[in-house]
Amino acid sequence: MGRLSEIAGGVLVGTSEPYVTTTTVVAGSGGRCLVIDPAITPADLAVAAAELAARGLRPAAGWSTHPHWDHVLWSRELGEAPRFATPRAVAAATAQRADLIASAQQAAPGHDLELLGRLTALEPGVGRVPWDGPQAWVVAHDGHAPGHGAVFLPEEGVLVVGDMCSDIEIPLLDLDAPDPVGDYRAGLERLAALAGVRQVVPGHGRVGDAAEFGRRIAADHRYLDALQRGAPFEDPRLTQDWLRAEHERQLRRARAGPQ
Ligand SMILES: [Zn+2]
């Protein structure tokens, strides 16, 4: 991971090379911080922990945007802070723990597996990350994964959007859900309804400004429109074999319709 860079007051973003994966840190008072989706290799987590220590920050809470292996990682060096996620995300991470571990072992071996996916569910009805730093609103939906929870920092105008609104990945649907396209659109609509987004931080890809956020929302809807028409099509983000494979699966599923 490269150095954490400050994209807004007290909001730090680091990017790891594999899958252009971001880690976001929100600084609070007294050296306390919120760590969102620390990733992706054990070496990256070590770099992030060392940099936080060098900046005098210590994690008071963690947030996992969704129950995929690369968003539920942690390390001893990050400390024993509670790591929160939405109730549906926690249920999915618990149910799929063996798969999450296998995926992590394959893609980024060497993580502390005891810590992987050890998440605490938000209390029902709670829409904020429970910590004493800057407000962190949770925008929950089921696009991409069950209980996907983006985090919006209203004071800083930063939306940590998880695996949506990427400049380098097409919308990746939760194909285990009955209506993957409907869930994804509902998620995009919730995100687009937020007022005051000045920067968007995707889980994979580059930070964008407000205009870029609008373009990505539109690009994702266009992708879903084309998917639902059912004919083969191109998207400028289809640049890698694994994305093309996912795209083909999604096209087949879209032709079958909601189930
Ligand atoms: Zn994901």
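FYI, side chains are in, hydrogens and waters are out, and symmetry mates aren't considered; it's all heavy atoms of this structure. Whatever order the structure lists ligands and atoms in, that order sets their numbers, starting from 1.
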Original post:
Is R58 salt-bridged to E77, going by a charged N under 4.0 Å from an acidic O?
Top reply: no
Original post:
Is R198 salt-bridged to D209, going by a charged N under 4.0 Å from an acidic O?
Top reply: no
Subject >> Backbone or side-chain N/O/S of H71 under 2.8 Å of the Zn ion (ligand 1) >> reply: no
**OP:** Look at the N, O or S atoms of D70, main chain and side chain alike, and state whether any lies under 2.8 Å from the Zn ion (ligand 1).
**Re:** no
Original post:
Looking only at side chains, do D174 and H144 share a donor and an acceptor under 3.5 Å apart?
Top reply: no
Original post:
Just checking, is any N or O donor in the side chain of H141 or Y184 under 3.5 Å from an acceptor N or O on the other one?
Top reply: no
Original post:
Between ND1 of H68 and NE2 of H66, what angle is found at the Zn ion (ligand 1), rounded to 10 degrees?
Top reply: 90°
**OP:** Measure from the Zn ion (ligand 1) to every N/O/S atom of D163 and report the name of the nearest one.
**Re:** OD2
